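The structure appears right after this line, and notes come after that.
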Amino acid sequence: MRTDVSKKPAQPDTGATQPDTVKMKIKEVVKPGKLFINGKFVNALSGKTFETINPATTEPLTTVAEGDAADIDLAVKAARKAFDEGPWPRMNARERGKIVSRIGDLIAEHAEEFALLDSLDNGKPLNETRNVDVPLSVEVFHYYGGWADKIVGETIPVNGPFLNYTLREPVGVVGQIIPWNFPLLMAGWKLAPALACGNTVVLKPAEQTPLSALRLAELCLEAGLPEGVLNVVPGFGPTAGAALAGHREVDKVAFTGEYLTGQEVMKAAAKNLKRISLELGGKSPNIVFDDVDLDAAVKGAMRGIFFNQGEVCCAGSRLFLSEKIYDEFVGKLVDEAKRLKVGDPLDPSTQMGAQVSQDQLNRITGYIEKGKKSGARLECGGERAEVPGLKGYFVKPTVFSGVKNEMTIAQEEIFGPVVAALPFEDLDDLAKRANDSIFGLAAAVWTSDIKKAHSLARKLRAGTIWINCYNMFDAASPFGGFKMSGFGRELGAHALELYTEVKSVWVAL
Ligand code: NAI
Ligand code: MG
């Protein structure tokens, strides 16, 4: 399934907005969280817990056991034992693939539960968790389930009387640290390829959104994953996260989050020279020429920046517009942005929900102030949005025009619904300006000139290029960054390289 996250199919109203139904459903779905270690839910050794909140209401949803270095150590030991002695890396690859696929089936069976959990924990619209997060998570387990028995080595024609061949073996114990913007989906991107390759895992979900990963762990056991193969330890970055990145018995760490945290993870991983892959932030250019269907490009720009409240690593946050269409485009964009429905994440007609936390809200409003002071023109938004009955972290879709690429709002990742529009005239200069960023995660080009589109696709230094579309994802297509957006490619066949070691075997003939 190829999922265009820019499309939002209409969903039947399931009555989710009716308060009693919602309360009932929330009660059914939200349970206090524990650590999942060696196939069992346990308390933290310290006995500590923390609250996870619903960002739409700012009220606590439930409490979750707070893992720290001691719990991470237990989880790593369980994963180590499962890898060194357990059946998972040794079992028939086809059987392993079936189990990974079955995890996808079970997510699909519990789709509504996962959609609600992530909407409650993260603040994103239920319409999106139903149509994007959950189906893409199902897909990634099905996709990698299919890979498990197709991971093969090679025979190599070497000099002399020898047979030389390679084996592709799992890396070992993998530590995975994920962010809060797509809680279930990020767990899926990390777990599915790692498990399919025969690794064992310790996963640390983000402290803001730990609930869906814990539910997923339960379903993994039900799917037939042996004890110890997956361990989930919720906790905070500087304690649980840092302990995982630094643990000497972890062979590889995969991280998604802020580039500054990525640098910390890299330093910690250096202790035992762990393999690392990093998927960090972006400041992706979305480039619109004057020869396009303006309305389609405006829609693309809207989804590029306002999808998931702008909390997307590949958000099209720098909007480069041909001078010839600049005013008209900004006008249309502002009209659309003002019409975008910011509201209760559980209301199926909501298009933008709440930002994940008070910290994130402060960060966004801080950048908006910087934008105003820098001389950019605030065209719309620029403040919190009022949503009747909810006191959550809602922000109005915000458009700045007259932005210069060297301004802070065009250089730093805001991770919110704030777009910076920049005019351009000359094509050569354009690629240079678009590339003038420490990041290189994604870029988009809107034009009907195929030569221009493909030549820019080559010139832009980014891991994903979208032509006349935005935010397209598929489990089969690689995703990852150039420059400070990180390294390593997730998804597709490329992710198998992140989770396997190559062994060369020589046989004298
Ligand atoms: P973060 O990078 O601190 O958090 C991501 C994950 O890393 C979480 O699980 C966190 O607990 C963990 N972590 C934090 N410090 C750690 C450490 N020293 N060692 C190991 N793990 C650690 O991001 P945060 O603070 O939640 O958000 C700040 C900004 O980062 C956002 O405003 C956004 O710009 C960016 N970000 C980018 C993401 C992406 O997908 N590229 C995702 C989340 C945030
Ligand atoms: Mg939360």
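Side-chain atoms are counted along with the backbone in the values below, which use heavy atoms only and exclude waters and symmetry mates. In each ligand, atom 1 is the first atom listed, and ligand 1 is the first ligand listed. Bear in mind the structure is a predicted one, so any value in this text is a computation, not a measurement.
- Only the side chain of Arg363 comes within 4.0 Å of ligand 1, judged by heavy-atom distances.
- Shown are Glu311, Arg384, Gln360; of these, the side-chain hydrogen bond (donor to acceptor under 3.5 Å, both in side chains) with Gln355 is made only by Glu311.
- At a threshold of 4.5 Å between non-hydrogen side-chain atoms, the residues Lys190 and Thr256 count as touching.
- Ring orientation note: the planes of Tyr470 and Trp466 are tilted relative to one another, at an angle of 30° to 60°.
- Under a 4.0 Å heavy-atom criterion, Gly281 is in contact with ligand 1.
- Regarding atom 27 (O) of ligand 1, its nearest protein heavy-atom neighbour is Trp180 NE1, 3.9 Å.
- Numbered from 1 in the order shown, with element, the atoms of ligand 1 that lie under 4.0 Å from a heavy atom of Lys204 read 9 (O), 10 (C), 11 (O).
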(request) Tell me, with the steps shown, if Leu230 and Val232 meet side-chain contact (heavy atoms from CB on, under 4.5 Å). (result) CA-CA 7 Å; Leu230 169 64; Val232 180; 4.1 Å; yes

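- Nearest protein neighbour of atom 17 (C) of ligand 1, counting heavy atoms only, is Gly237 O, 3.5 Å.
- Contact between Met186 and ligand 1 is absent, with no heavy atom of the residue lying under 4.0 Å from the ligand.
- Here the closest non-hydrogen pair linking Glu218 and Phe41 is CG-CE1, 3.8 Å.
- Within ligand 1, counting atoms from 1 as listed, the ones closer than 4.0 Å to a heavy atom of Gln208 are 26 (O).
- The protein heavy-atom contact nearest to atom 12 (C) of ligand 1 is Ile177 CG2, 3.6 Å.
- Of the charged side-chain nitrogens involved, at least one lies within less than 4.0 Å of a carboxylate oxygen, so that Lys391 and Glu59 count as a salt-bridged pair.
- Of the heavy atoms in Leu280, only backbone atoms (N, CA, C, O) come closer than 4.0 Å to ligand 1.
- Protein heavy atom nearest atom 33 (C) of ligand 1, with residue, atom name and distance: Phe415 CG, 3.3 Å.
- Polar contact check, Glu264 against ligand 1: no nitrogen or oxygen pair lies under 3.5 Å apart.
- Taking 4.0 Å as the cut-off between side-chain N and carboxylate O, Asp68 and Lys48 do not count as a salt-bridged pair.
- Within the listing of ligand 1, atoms 8 (C), 10 (C), 11 (O) sit less than 4.0 angstrom from a heavy atom of Glu207.
- Results of the side-chain contact (heavy atoms from CB on, under 4.5 Å) test with Ile287 over Leu319, Leu460, Leu321 single out Leu460 as the only residue that passes.
- Protein heavy atoms come within 4.0 Å of atom 21 (N) of ligand 1.
- With contacts defined as side-chain heavy-atom distances shorter than 4.5 Å, the pair Trp147/Leu496 qualifies.
- Closest protein heavy atom to atom 3 (O) of ligand 1: Thr261 OG1, 3.3 Å.
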(request) Could you please spell out the steps behind the salt bridge (charged side-chain N to carboxylate O under 4.0 Å, His left out) verdict for Arg275 and Glu501? (result) CA-CA 10 Å; Arg275 284 89 190 95; Glu501 290 277 18; 2.7 Å; yes

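- Of the listed residues (Ala242, Ser357, Pro179), the one carrying the non-hydrogen atom nearest atom 42 (C) of ligand 1 is Pro179.
- Contacts between Ile178 and ligand 1 below 4.0 angstrom, taking non-hydrogen atoms only, involve the backbone exclusively.
- In summary, Glu249 and Lys81 do not engage in a salt bridge, as defined by a charged side-chain N under 4.0 Å from a carboxylate O.
- Here the two rings, on Trp189 and Phe182, have centers that are 6.0 Å apart or farther.
- At the shortest separation from atom 7 (O) of ligand 1 among protein heavy atoms lies Phe255 CE1, 3.1 Å.
- Given atom 40 (O) of ligand 1, the protein heavy atom at minimum distance is Cys313 CB, 3.3 Å.
- For ligand 1 and Asn181, the ligand atoms under 4.0 Å from any heavy atom of the residue are 40 (O).
- Between Val202 and Ala79, the closest heavy-atom pair is CG2-CB, 4.0 Å.
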(message) One pair to check against salt bridge (charged side-chain N to carboxylate O under 4.0 Å, His left out): Arg215 and Glu113. What are the steps and the verdict?
(response) CA-CA 10 Å; Arg215 181 66 179 116; Glu113 180 185 350; 2.6 Å; yes

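- Close approach of ligand 1 to Ala206 is summarised as follows: ligand atoms under 4.0 Å from at least one heavy atom of the residue are 9 (O).
- Near Gln360, the atoms of ligand 1 lying under 4.0 angstrom from a non-hydrogen atom of the residue are 31 (C), 32 (O).
- Among all protein heavy atoms, the one lying closest to atom 30 (O) of ligand 1 is Glu258 CB, 3.0 Å.
- Residue contact check for ligand 1: Tyr259 places no non-hydrogen atom closer than 4.0 Å to it.
- Of all the atoms in ligand 1, the ones that sit under 4.0 Å from a non-hydrogen atom of Gly241 are 19 (N), 20 (C), 21 (N).
- Nearest to atom 5 (C) of ligand 1 by heavy atom, out of Asp359, Leu260, Thr256, Ile364, is Thr256.
- For residues 235-272, the ring-ring contact (aromatic ring centres under 6.0 Å, His included) pairs, not counting sequence neighbours, are Phe50-Phe236, Tyr259-Phe439.
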